[in-house]
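This one's a predicted model, so the numbers in the text were calculated from it and none came from an experiment.
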Amino acid sequence: MVQPSDGLAVDLRTVLAAEATAVQRYSYFSHIAEIEGQGEIARAFSELAESIACVAHGHIDALQGIADPQTEATVGETRLNLAASMADVLHEAHEVYPRLVATAHEKGHPDVASWLTTLGSLKRSHLARFQGMLAALEAPSPAAPAADAATKGDADD
């Protein structure tokens, strides 16, 4: 198992970030090629993005025993994955995007600030969605349903 202090863990996080960026770039390039009517090139970019996403998943698998590459929280099962996702989105919504908005305003880019404000709101909605999923996951399971009326009626006959 890869150890957190191992240089390999640091390197895996670095290549994961690069692969994740490549997935997004190729997905975007596919979208542009599609708009331009270059269907074959769009499909090729899309296939490459999918292939690289599998590579990124492998890096996450290798890091799973250590910690989430983004939050350093323990991940693996759904409950832990939701908690790590919530920590990341909470940080982005309440720290990263507000800081970026302020910087964009300071640098005289009101359109960029507006875009980043919208993304901060999106992150807050993602947080609410993750919280709802976690609450649903932690809710007690409903009792086994009672026999339906038709079956119950037949038993009474």
Side-chain angles (χ1 to χ4, degrees), residues 2-39 41-142:
V2 177
Q3 298 300 313
S5 59
D6 188 339
L8 178 58
V10 173
D11 291 343
L12 283 170
R13 286 183 175 118
T14 300
V15 294
L16 171 61
E19 299 292 6
T21 299
V23 169
Q24 293 306 309
R25 288 177 53 244
Y26 291 168
S27 294
Y28 177 77
F29 296 164
S30 173
H31 178 73
I32 296 301
E34 190 69 39
I35 289 170
E36 293 175 350
Q38 301 294 330
I41 294 171
R43 280 187 297 284
F45 271 125
S46 183
E47 289 168 4
L48 287 168
E50 212 173 293
S51 173
I52 293 171
C54 290
V55 171
H57 291 175
H59 294 328
I60 293 171
D61 284 343
L63 289 166
Q64 183 172 295
I66 301 169
D68 175 56
Q70 214 41 30
T71 63
E72 297 191 10
T74 303
V75 295
E77 65 180 57
T78 299
R79 179 177 281 103
L80 296 173
N81 297 344
L82 282 168
S85 297
M86 288 170 53
D88 187 38
V89 171
L90 184 66
H91 172 71
E92 291 174 341
H94 296 287
E95 294 178 37
V96 174
Y97 280 99
R99 184 182 71 246
L100 290 172
V101 168
T103 301
H105 279 300
E106 288 170 13
K107 301 290 183 181
H109 301 289
D111 290 347
V112 174
S114 177
W115 166 244
L116 295 169
T117 298
T118 300
L119 295 179
S121 295
L122 178 65
K123 294 297 181 174
R124 286 188 295 280
S125 74
H126 289 173
L127 179 60
R129 189 168 182 191
F130 284 134
Q131 289 169 328
M133 288 187 281
L134 186 59
L137 186 65
E138 292 178 344
S141 298

Checklist entry - Which is it for His59 and Arg13 under the side chain to side chain contact (heavy atoms under 4.5 Å, CB included) test, yes or no, and what are the steps along the way? => result CA-CA 8 Å; His59 294 328; Arg13 286 183 175 118; over 6 Å; no
Item to check | Criterion side chain to side chain contact (heavy atoms under 4.5 Å, CB included) on Thr117 and Tyr97, from CA distance to verdict | outcome: CA-CA 7 Å; Thr117 298; Tyr97 280 99; over 6 Å; no
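Looking at residues two or more places apart in sequence or on another chain, you find no side chain to side chain donor-acceptor pair (under 3.5 Å) involving Gln38. Arg43 pairs by the side chain to side chain donor-acceptor pair (under 3.5 Å) definition with nothing, not counting sequence neighbours. Scanning for salt bridge (charged side-chain N to carboxylate O under 4.0 Å, His left out) contacts around Glu106 gives an empty result, with sequence neighbours left out.
In this structure, CG on Leu90 lies 12.0 Å from OG on Ser85, to the nearest 0.5 angstrom. The distance from the CG atom of Asn81 to the CG atom of Leu134 is 11.0 Å, given to the nearest 0.5 Å. Note that the NE2 atom of His105 and the CG atom of Leu100 stand 11.5 Å from one another [nearest 0.5 Å]. Expressed to the nearest 0.5 Å, how far CZ of Arg129 lies from CG of Leu122 amounts to 10.5 Å. Distance check, rounded to the nearest 0.5 Å: CZ of Phe130 to CG of Asp88 gives 8.5 Å. The line from CE of Met133 to CZ of Arg79 is 13.5 Å long, rounded to the nearest 0.5 Å.
Sorted by first and then second residue, the salt bridge (charged side-chain N to carboxylate O under 4.0 Å, His left out) pairs involving residues 107-123 (not counting sequence neighbours) are Glu92-Lys123. Applying the salt bridge (charged side-chain N to carboxylate O under 4.0 Å, His left out) rule to pairs touching residues 53-67 yields nothing, sequence neighbours excluded. Judged as a salt bridge (charged side-chain N to carboxylate O under 4.0 Å, His left out), not a single pair has a partner in residues 15-31 (not counting sequence neighbours).
Taking the six-membered ring for Trp and thresholds of 30 and 60 degrees, Tyr28 and His31 have ring planes inclined between 30 and 60 degrees apart. The aromatic rings of Phe29 and Phe45 lie perpendicular to each other, with more than 60° between the two planes, well past the 30° mark.
Within the 4.5 Å cutoff, no side-chain heavy atoms of Val101 are placed close to those of Pro98. Here the side chains of Arg124 and His94 are in contact, with some heavy-atom distance below 4.5 Å.
The backbone N or O of Glu47 sits nowhere less than 3.5 Å from a side-chain atom of Ser51 that would complete a donor-acceptor pair. Within the 3.5 Å criterion, the main-chain N or O of Ala42 finds no donor-acceptor partner in the side chain of Ser46.
Nearest heavy-atom pair, Leu12 versus Ala62, reported as atom, atom and distance to 0.1 Å: CD1-CB, 3.9 Å. The shortest non-hydrogen separation linking Ala49 to Val23 is O-CG2, 3.6 Å. Between Val89 and Leu127, the shortest heavy-atom distance links the atoms CG1-N, 3.7 Å. Pairing each heavy atom of Ala104 with each of Val112, the nearest pair is CB-CG1, 4.1 Å. When all heavy atoms of Leu48 and Tyr26 are compared, the closest pair comes out as CB-CD1, 3.8 Å.
Atom CD of Glu50 sits in a sparse spot, with 12 or fewer heavy atoms from other residues, nucleotides or ligands closer than 6.0 Å.
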